[in-house]
Every structure is written in C-alpha cells, then in structure tokens.
Amino acid sequence: MAGFSAFETATMSRALKLAERGRYSARPNPMVGCVIVKHGEIVGEGWHEKTGEAHAEINALKSAGDAAAGATAFVTLEPCSHHGRTPPCADALIEAGVGQVIVSMTDPSGEVDGDGMRRLDAAGIVVRSGLLESQSRLLNRGFISRVTRSRPFVRLKLAMSLDGAVAMENGESQWITGPEARADVQRLRAESGAIMTGIATVLADDPSLNVRDQRFQIPSQPLRVVLDSSMRMPADARMLTLPGDTLIATASTVDAPEGAQRLRVPAHTDGVDVPAVLGELAALGVNDLLVEAGPRLAGHLLRERLFDELVIYQSPHIMGSRTRRAAETPSWTALADRLECDIIDARAVGHDQRITAKALN
C-alpha cells in the first residue's frame, strides 16, 4: 500500500485480528484492536473486549508499560476523544508519550469524527491514517451503519431447497438444511445485536431466536424483535420464557404479554413501518440485525430493498411444486424489473451451500 511499509501493513493486520476477538462481545461498541511497536518490535497489544470495559488502546498501553514512550501505536479505529463509560483514548496515548499513531479508519460517529486525530496532532504526535481501511470498514460495517445511517446493518437469512422451497404445502419445514448449516446460523445470531422475525413465523413455528451454541461467549442474548401489527403475540410463546429481552414492534395499543416489551411504531399496508423499526433499533444501539422470517416479511425486505446482505443456505434436494416459496415478491413481468444481486461468497457448509450476496439495484 502506497505510503505504508510492508511491516506497517503486517502490524495493522495483526491489530485487525485482535479486533476480531471482540466480534461476539464488544457490541454495541465497535471492534477495535491496537498494537504498539518500538524499534521494530511489538511491545504491547490489546483489543476492546466488552462494552463498559477498557478500550483497545488502554489495554495495549497497559501491556506496553514504559515502553510506550516514543513508540508507534497501530489502531484499527480512530482513538476516541470523548468521555463515555471510559476516559478518552486519545488523551491516554498522549499521556503515555507515544511518538506516532497509525489509524486504519476515522471514527464516523458524531462524538469523534476526526477529533481524536486532531487532538493527537495538536499534542505533537505524528498521525497517519488509511492503512487497511477497507478491511476496517468491513469489520465494523454494523457500527458504521448505525452511526451514519441511523439503522443497523441488515442481514436477511433464508434456508431453502435447490428449487427455492422453504416448506412443504402443509408447512412442514424441519429440517431443510443439515446440522452444519444450522450451527452456522448460531454464529450469525451470535454476531448480531438483534434477531427479527414476523408474527406469522412465531405463530407457525414458535421459534426461540436465541444463541444456544456455547462456543460463542456472548455477554447477553441478542434482542428478539417480533413485527406484530395487531399484537397477536401468544402469552405462552417459547421465546418469552428464555433469557434475554423480547420487543414487540406494533401499531396496536394493546399491552405486550408478560416477558416482552411493546414498541409503538406506525402502521404500514404490509403490517408495520419497517424503516421506523430499524431506526428505533439503531437508537437502542443495535449495530447488526439478523432477520429470520417467513415469505411475507422476507419479500417485503427484498421488495423495498431494506436489507444489506442476503445469506442463503441452499440444501441439495428438490421439494417439488406443492411447496411454500422463500419470499412473496412482486409479480414482476419483465427481466428489467428483477432484483439483481452480486454473490460475495459461496461455500459448502456440510452438505449444504451457503451463498452470501448483496443487491446491485
């Protein structure tokens, strides 16, 4: 990369790997890693493990000790400059006497947005930025979406047969995909601040919408969100008995059943105003939203382009014509009307195929 040496690039890559260790625990804060180098050697490193606890720079400075003086700090996200639950990291770097700070990307939130780097520069510290920026933006795409678009990064998950079926005509659907694919969905859930579905799915399947895989050390269960325009949520729904919070997004004035909270949002011809729900979830600090829904809600998200990424688990079997489709999409009559997607990734997950795509239009 122009302007940065191979050693600097490798060191920032190490900082990004450290940042990824907070994938399941840092939310709603961004994932951040920091590596401190002096005379070509790593003298300290750290990452942000959990909200309310020390940030990556503080952990790295503690690891480096006195060796931080005159050193170079590699940080995946611009050091914060404001007092939140923890003091400003920019001030900590200044007090430690580092000589240079290399930042992968600026913090787009209104609380920082360049102020951290300006503070470092004013203190006489050399500041350089842009190293592996695209990788940093990908790592924290949910955080970036929340603070710049006031909505989470929305992943729409679908599981289907080769011929696009999600259930038999009578509703039978367990299990279309194999155990490896279902385990992979647990990973998607663990990465998410919230999981959203529609009331039709709750009434048909009574899902748990939780993370059951103990491999993922999450600080708390993702927020469960049910779109329910007329408050049909059953009082004995399984999710209401499980650890974690459940939010019913509704236009109804009826109280939510015990174990859930009501979120009043405007009505929509298809149920509730989904963009309004997304805005409310962003205000609650949700960076990444996973949608596991039936054909109606899935079709609405596809039709209105209210998703950022599609994750499709496709099982190698044919279920026939007397089946239920993955999404209720419009009756498009011309190829020009279709929703064109770009496949980002495709790989085998057990006997199934996982396809990750984004919309192009």
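Here the closest heavy-atom approach between residue Ala260 and residue Ile248 is recorded as CB-CG1, 3.9 Å. In terms of heavy atoms, Phe74 sits closest to Ala15 at O-CB, 4.1 Å. Of all heavy-atom pairs between Ala90 and Pro79, the closest is N-CB, 3.9 Å. Taking each heavy atom of Gly198 and Val226 in turn, the nearest pair found is C-CG1, 4.2 Å. Listed here is the closest heavy atom pair of Ala60 and Gly46: CB-N, 3.7 Å. In terms of heavy-atom proximity, Ala298 sits nearest to Ala293 at N-CB, 4.4 Å.
Contact annotation: the side chain of Arg14 approaches that of Leu18 to within less than 4.5 Å [non-hydrogen atoms, C-beta and beyond]. Two residues are said to be in side-chain contact when any heavy atoms from C-beta on lie closer than 4.5 Å; Glu304 and Pro275 fail this criterion. Annotation: side chain of Val101 is not in contact with side chain of Glu57 (no heavy-atom distance under 4.5 Å).
Under a cut-off of 6.0 angstrom, the local environment of CD in Gln261 is sparse, with at most 12 non-hydrogen atoms contributed by other residues, nucleotides or ligands. Atom NE2 of His351 sits in a sparse spot, with 12 or fewer heavy atoms from other residues, nucleotides or ligands closer than 6.0 Å.
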Residue pair Arg23, Arg187: steps toward the side chain to side chain contact (heavy atoms under 4.5 Å, CB included) verdict: CA-CA 10 Å; Arg23 182 175 295 278; Arg187 175 187 59 82; over 6 Å; no

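Checked by atom type and distance alone, the side chain of Arg146 pairs as donor or acceptor with a backbone atom of Pro28 at under 3.5 Å. In this structure, the side chain of Thr250 engages the main chain of Asp228 through a donor-acceptor pair within 3.5 Å. Using a distance-only test at 3.5 Å, with no hydrogens or angles considered, no donor-acceptor pair links the side chain of Asp288 to the main chain of Gly193. For Thr201 (side chain) and Gly294 (main-chain N/O), a donor-acceptor pair under 3.5 Å exists by modelled atom type. Formation of a donor-acceptor pair under 3.5 Å by the Lys38 side chain with backbone atoms of Ala69 is found in this model. Of the possible polar contacts, one joining the Ser104 side chain to the Leu131 backbone as a donor-acceptor pair under 3.5 Å is found.
When each of Lys157, Met239, Gln221, Arg189 is tested with Ile195 by the rule side-chain contact (heavy atoms from CB on, under 4.5 Å), just one qualifies, namely Arg189.
Hydrophobic clustering keeps Leu188 apart from Val291 (ILVMFWY residues linked when any side-chain heavy atoms are closer than 4.5 Å, directly or through intermediates). Residues Leu310 and Met196 share a single hydrophobic cluster, defined by chaining ILVMFWY side chains whose heavy atoms lie under 4.5 Å apart.
Residues Asp184 and Arg347 are not paired through a salt bridge, judged by the lack of any N-O separation under 4.0 Å between the basic side chain and the carboxylate.
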